[in-house]
Amino acid sequence: MKRNGIVPDVYTYTILIGSFCKAGLIEQARNWFDEMVRDGCAPNVVTYTALIHAYLKARKLSNANELFEVMFSEGCNPNVVTYTALIDGHCKAGKIEKACQIYARMRGNVETSDVDMYFRIDDGNSKEPNVFTYGALVDGLCKAHKIKEANNLLDAMLVEGCEPNHIVYDALIDGFCKAGKLDDAQEVFAKMSERGYSLNVYTYSSLIDRLFKDKRLDLALKVLSKMLENSCAPNAVIYTEMIDGLCKVGKTDEAYKLMLMMEEKGCSPNVMTYTAMIDGFGNVGKVEKCLELLREMGSKGCPPNFVTYRVLINHCCATGLLDEAHNLLDEMKQTYWPRHISSYRKVIEGFNREFIISLSENDSVPIVPVYRILIDSFIKAGKLESALKLHEEIRSSFPLTVASKNMYISLIESLSHASKIDKAFDMYTDMADVTRIHFMLQIAFATGSVSVKLQEFEWW
């Protein structure tokens, strides 16, 4: 275009920048933006908004805020779309105070920091928020546990003559439910009904989740019945919430009936549904039913995930089915073991400080706790050789941490009782090395000598 002597105008550049932004090529879009400015072509509000929105989607808030200020300094006034994108982006990033400041600026209250004062218009440069602006801010306030302010914002919407939509009502009802304020949630529902809206699947999900947390099971089941009466088909999330809730209070038979009804209604149980049901049956000692459900998962094309295996192995160990638990471990390793090893090694090779320090705080490799359960169960069952084999297997695959201290102590005690003193001393030395490595790594990170210290340990 330029070679033919045609100079791109603001519309050409804006289309180009917008296309690159939609494709996620933000750096290239910024290069076009810089070029148009350098060539004396002033960006308009659409140009700025497209690039700001792309920065926000990529969680590059500082870039978005910087461009927003440039926009003002160049005399280009943001429109409601610009403000809404900024408010929504900051809310989704958990920066609710900044989102509120942008909203205040939008309404002309530049110095205002109190949410309750955001509806006072001070000058003629304000922009009227629309339902999407309000929806983004209501949702953000609820997620930041500022439910009172979110409710005030709903009232302000109605005063301003901006009709709330389903998204606004759902966000507020969900916020009240998560805060345990069912009465307030019902008040919002009443306002919603007065405006001609009815509950949808997301609203029902919030109510059912809260009712189960409050142990109001009968009312939760009535809500489900009401859903079906109103031809609002529950999804897998709602069914799973209810099945899990019933299992947690020991009502596994009712939970299983609900799972069967779920299938009858054309909603297939997912891996979370099956795992909740397996855990429920396991908690009441029906491990054979758990194994039956595992087989059913395979026949219905719903592969178990790591959590399913861990739950089932735990219940098998608890009821003394150690051989079955060991078989499940072997089965799990065929599908999940290679992936966990590769991701674990990759992070270690990169010397990620947060990851390595977390080794002392929790189990960064999800497969390690399963071994601990099995080793502990074999020790209690008097199968010391099997426990030692499992310990050697995990030790050769993963660097153990100070979190494994109890496992070492149990093995040392068992070896001592079995008069295998030499092996017990070897195990004690191994445990001491693990503890020493942990503390030396912390010192290495503190002093910045990580690479030097890592060379001392063979397992790196």
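Values reported hereafter were calculated over all heavy atoms of this structure, with side chains retained and with hydrogens, waters and symmetry mates removed.
The neighbour count for Lys191 NZ, taken as heavy atoms of other residues, nucleotides or ligands under 6.0 Å away, is above 12. Under a cut-off of 6.0 angstrom, the local environment of NZ in Lys289 is crowded, with over 12 non-hydrogen atoms contributed by other residues, nucleotides or ligands. Taking a 6.0 Å sphere around OH of Tyr197, one finds it holds more than 12 heavy atoms contributed by other residues, nucleotides or ligands. When the shell of 6.0 Å around CD1 of Ile167 is examined, it contains 12 or fewer heavy atoms from other residues, nucleotides or ligands.
Under a 3.5 Å cut-off, the side chain of Ser193 and the backbone N or O of Phe189 do form a donor-acceptor pair. Within the 3.5 Å criterion, the main-chain N or O of Thr49 finds no donor-acceptor partner in the side chain of His53. At least one donor-acceptor pair under 3.5 Å links the side chain of Asn235 to the backbone N or O of Val237. Under a 3.5 Å cut-off, the side chain of Asp39 and the backbone N or O of Cys41 do not form any donor-acceptor pair. Checked by atom type and distance alone, the side chain of Asn283 pairs as donor or acceptor with a backbone atom of Asp279 at under 3.5 Å. A donor-acceptor pair under 3.5 Å links the side-chain atoms of Ser73 to the main chain of Val70, judged by distance alone. Remark: the backbone N or O of Ser198 is paired with a side-chain donor or acceptor of His166 at under 3.5 angstrom.
With a 6.0 Å cutoff to the six-membered ring centre and a 45° limit on the axis angle, Arg105 counts as a cation-pi contact of Phe72.
Side-chain contact between Leu293 and Met297: absent, with no pair of heavy atoms (C-beta onward) separated by less than 4.5 Å. Side-chain atoms of Asn270 and Thr240, non-hydrogen and from C-beta on, do get closer than 4.5 Å to each other. Looking at heavy atoms from C-beta onward, Asp209 lies out of side-chain contact with Cys177 at the 4.5 angstrom threshold. Within the 4.5 Å cutoff, the side chain of Ile17 has no heavy atoms near those of the Arg30 side chain. Looking only at side-chain heavy atoms (C-beta outward), Leu329 and Ile313 come within less than 4.5 Å of each other. The shortest side-chain heavy-atom distance between Lys57 and Lys92 does not fall under the 4.5 Å cut-off.
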Pair Gln186, Ile173 - check side-chain contact (heavy atoms from CB on, under 4.5 Å), show working. CA-CA 8 Å; Gln186 288 174 341; Ile173 289 172; over 6 Å; no
Evaluate side chain to side chain donor-acceptor pair (under 3.5 Å) for Thr308 paired with Asn305, printing each intermediate quantity in order. CA-CA 5 Å; Thr308 316; Asn305 63 15; 2.8 Å; yes
Going through the checks in order, is the ring-ring contact (aromatic ring centres under 6.0 Å, His included) test met by Tyr13 and Phe33? CA-CA 7 Å; Tyr13 274 117; Phe33 179 88; 9.5 Å; no
What's the verdict on ring-ring contact (aromatic ring centres under 6.0 Å, His included) for Tyr83 and Phe68, showing C-alpha distance, side-chain angles and the deciding distance? CA-CA 9 Å; Tyr83 279 113; Phe68 184 54; 5.8 Å; yes
Show your working on side-chain contact (heavy atoms from CB on, under 4.5 Å) between Phe212 and Lys248 and close with a plain yes or no. CA-CA 10 Å; Phe212 268 107; Lys248 278 185 167 69; over 6 Å; no
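In this structure, a donor-acceptor pair under 3.5 Å is present between the side chains of Asn130 and Thr133. For Asn151 and Asp184, the side-chain atoms include no donor-acceptor pair closer than 3.5 Å. A donor and an acceptor atom, one from each side chain of Asn65 and Ser62, are nowhere located under 3.5 Å apart.
The two residues Pro269 and Met262 make their nearest non-hydrogen contact at CA-CE, 3.4 Å. Closest approach of Ala29 and Leu51 over heavy atoms only: CB-CD1, 4.0 Å. Considering every non-hydrogen atom in both Met157 and Pro164, the closest pair reads CE-CA, 3.6 Å. Of all heavy-atom pairs between Pro43 and Met36, the closest is CA-CE, 3.7 Å. Nearest heavy-atom pair, Ser268 versus Ala236, reported as atom, atom and distance to 0.1 Å: O-CB, 4.3 Å. Ala54 approaches Ile26 most closely through the heavy-atom pair O-CD1, 3.5 Å.
Atom CD1 of Ile278 sits about 5.5 Å away from atom CG of Leu312, to the nearest 0.5 Å. Atoms CG and CD1, on Asp139 and Ile87 in that order, are 13.0 Å from each other to the nearest 0.5 Å. One finds the CD1 atom of Ile208 at 6.0 Å from the CE atom of Met227 (value rounded to the nearest 0.5 Å). The CG atom of Leu291 sits 5.0 Å away from atom SG of Cys316, with the distance rounded to the nearest 0.5 Å. Rounding to the nearest 0.5 angstrom, the gap separating the CD1 atom in Ile52 from the CE atom in Met71 is 5.5 Å. Rounded to the nearest 0.5 Å, atoms CG (Leu211) and CG (Asp218) are 10.5 Å apart.
Salt bridge annotation for Arg210-Glu241: absent, with no cationic side-chain nitrogen under 4.0 angstrom from a carboxylate oxygen. Checked for salt-bridge contact, Glu263 and Lys300 meet the test: a charged N lies under 4.0 Å from a carboxylate O.
Each of Ile96, Asp88, Val168, Ile102 was compared with Leu137 under the side-chain contact (heavy atoms from CB on, under 4.5 Å) criterion, and only Ile96 meets it.
Residues satisfying the ring pair (Phe, Tyr, Trp, His ring centres under 6.0 Å) test with Tyr11, not counting sequence neighbours, are none.
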